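Small disclaimer: the values here were computed from a predicted structure and weren't measured.
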Amino acid sequence: MAQFRLQGSRVLAVELAGDAVKARNGSMVAYTGQMAFKKLTGGGDGLRGMVARRLTGEQMEVMEVKGQGTCYFADRATEINLVRLTGEVLYVEADNLLCTEAALRTGTTFTGLNGVSSGNGLFTTKVEGHGWAAVTSNGPAVVLRVGKDMPLRVDPGAYVAHTGSLHRSLKSGAGWTTAIGEGGGEAVQVEFTGEGLVYVQPSEKHTPGGDV
């Protein structure tokens, strides 16, 4: 089994003993030992993942890294967050997925108009199984818990990933004060209900909703 650890907060070190990982193409910054690199097609497992990415124009080039030694990965000096999966599903924006153990299954799931309106596209990446995944964020991510009677609202541009039994829906952030021009809130928010964890970054991507 590959061993994942952080070297600082912006470099992922993966120790390999003949096993393999899948990583964003071009994210390797250094390695020791003997490594073999192979580019994979599509960025998701199976024909459905490949077709979904082509339909949406989403570019996610993935490589397989296999060997003996330690391989180091990074992506534009972004912060790296380790997520340990024990059978649950991780939903993550493709741009934020850096590396996974080879045993984890990756593919796409349809988000529909919710994803389009929040600026994240028709599909999002799904990672499932048992093993480690590394997720990037623009600044140190915070992990927020959603409870049965405790929904969470997130700015679409700050959303990174989530796990658990969560339902997400778009909500208007415009109240009376924002409608008359006295507020500074967000035009669109994503509400999470159910039970699970949401990863939020302290920096916002541009989204169609924008500020009110």
Side-chain angles (χ1 to χ4, degrees), residues 4 6 9-12 14 21-24 27 43-45 49 52-53 56 58-60 62 73-101 103-112 114-147 150-171 186 188-207 209:
F4 281 44
L6 293 181
S9 62
R10 301 181 180 183
V11 176
L12 169 68
V14 181
V21 295
K22 291 179 288 188
R24 178 180 295 278
S27 62
D45 292 337
R53 296 190 189 282
T56 58
E58 183 181 6
Q59 299 297 318
M60 184 184 176
V62 177
F73 302 94
D75 182 36
R76 297 169 293 175
T78 52
E79 301 284 331
I80 299 174
N81 312 273
L82 294 183
V83 182
R84 176 70 177 177
L85 297 178
T86 55
E88 66 270 39
V89 179
L90 169 70
Y91 298 91
V92 57
E93 296 306 306
D95 289 344
N96 297 103
L97 184 59
L98 177 66
C99 183
T100 69
E101 287 191 53
L104 290 175
R105 299 180 299 279
T106 57
T108 55
T109 185
F110 183 69
T111 59
N114 281 354
V116 174
S117 300
S118 62
N120 294 326
L122 282 170
F123 293 84
T124 193
T125 300
K126 180 172 69 173
V127 183
E128 56 187 327
H130 292 77
W132 286 103
V135 175
T136 62
S137 59
N138 191 359
V142 293
V143 185
L144 304 176
R145 182 173 296 278
V146 181
M150 189 173 61
L152 173 70
R153 287 197 179 189
V154 175
D155 180 273
Y159 168 77
V160 174
H162 73 270
T163 60
S165 300
L166 293 177
H167 172 74
R168 65 178 181 178
S169 58
L170 289 180
K171 299 293 183 179
E186 305 295 337
V188 176
Q189 300 164 354
V190 182
E191 183 178 76
F192 290 89
T193 55
E195 295 186 0
L197 300 174
V198 180
Y199 292 76
V200 178
Q201 63 185 4
S203 177
E204 298 179 22
K205 297 175 290 186
H206 174 73
T207 61

message: Working note: Arg76 + Thr136, criterion side chain to side chain contact (heavy atoms under 4.5 Å, CB included); need CA distance, chi angles, decisive distance, verdict.
response: CA-CA 10 Å; Arg76 297 169 293 175; Thr136 62; 5.7 Å; no
task: Start with the C-alpha distance between Glu93 and Val160, add both sets of side-chain angles, then the distance that settles side chain to side chain contact (heavy atoms under 4.5 Å, CB included), and finish with yes or no.
output: CA-CA 6 Å; Glu93 296 306 306; Val160 174; over 6 Å; no
message: side chain to side chain contact (heavy atoms under 4.5 Å, CB included), that's the test. Do Val21 and Phe4 meet it? Break it down for me.
response: CA-CA 10 Å; Val21 295; Phe4 281 44; 3.9 Å; yes
task: Quick one: do Val190 and Leu170 satisfy side chain to side chain contact (heavy atoms under 4.5 Å, CB included)? Show the steps, please.
output: CA-CA 5 Å; Val190 182; Leu170 289 180; 4.0 Å; yes
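At least one test fails for Arg168 against the ring of Tyr91: distance under 6.0 Å to the centre or angle within 45° of the axis.
At a threshold of 4.5 Å between non-hydrogen side-chain atoms, the residues Leu144 and Val146 do not count as touching. Between Pro151 and Arg153 there is no side-chain heavy-atom pair separated by less than 4.5 Å.
A donor-acceptor pair is defined here as one N or O able to donate and one able to accept, closer than 3.5 Å; such a pair exists between the side chain of Arg24 and the backbone of Asp95.
Taking Leu197 as the reference, Val143, Arg145, Thr163 meet the side-chain contact (heavy atoms from CB on, under 4.5 Å) condition, with sequence neighbours excluded. The side-chain hydrogen bond (donor to acceptor under 3.5 Å, both in side chains) test applied to Asp75 returns no partner, not counting sequence neighbours. In terms of the side-chain hydrogen bond (donor to acceptor under 3.5 Å, both in side chains) criterion, residue partners of Arg10 (sequence neighbours excluded) are, by chain and number, Glu79. For Arg84, the salt bridge (Lys or Arg N to Asp or Glu O under 4.0 Å) partners two or more places apart in sequence, or in a different chain, are Glu101. Residues passing the side-chain hydrogen bond (donor to acceptor under 3.5 Å, both in side chains) test with Ser137 are Asn81, sequence neighbours excluded. Glu195 pairs by the side-chain hydrogen bond (donor to acceptor under 3.5 Å, both in side chains) definition with nothing, not counting sequence neighbours.
Residues Phe73 and Ile80 share a closest heavy-atom pair of O-CD1, 3.9 Å. Closest approach of Lys22 and Val62 over heavy atoms only: CB-CG1, 4.0 Å. When every heavy atom of Thr100 is checked against every heavy atom of Ala133, the shortest pair comes out as CG2-CB, 4.1 Å. Between Asn138 and Ser203, the shortest heavy-atom contact is ND2-OG, 3.0 Å. Residue Leu12 comes nearest to Cys99 through the heavy atom pair CD2-CB, 3.7 Å, listed as atom of the first residue, atom of the second, then distance.
In this structure, Thr78 OG1 and Gln201 CD are separated by 9.5 Å, a value rounded to the nearest 0.5 Å. A distance of 11.5 Å separates NE2 of His162 from OH of Tyr199, quoted to the nearest 0.5 Å. The line from CZ of Arg105 to CD of Glu128 is 4.5 Å long, rounded to the nearest 0.5 Å. We find the OG1-NZ distance between Thr106 and Lys126 to be 10.5 Å, quoted to the nearest 0.5 Å. Atoms CG and NE2, on Leu85 and His130 in that order, are 9.0 Å from each other to the nearest 0.5 Å.
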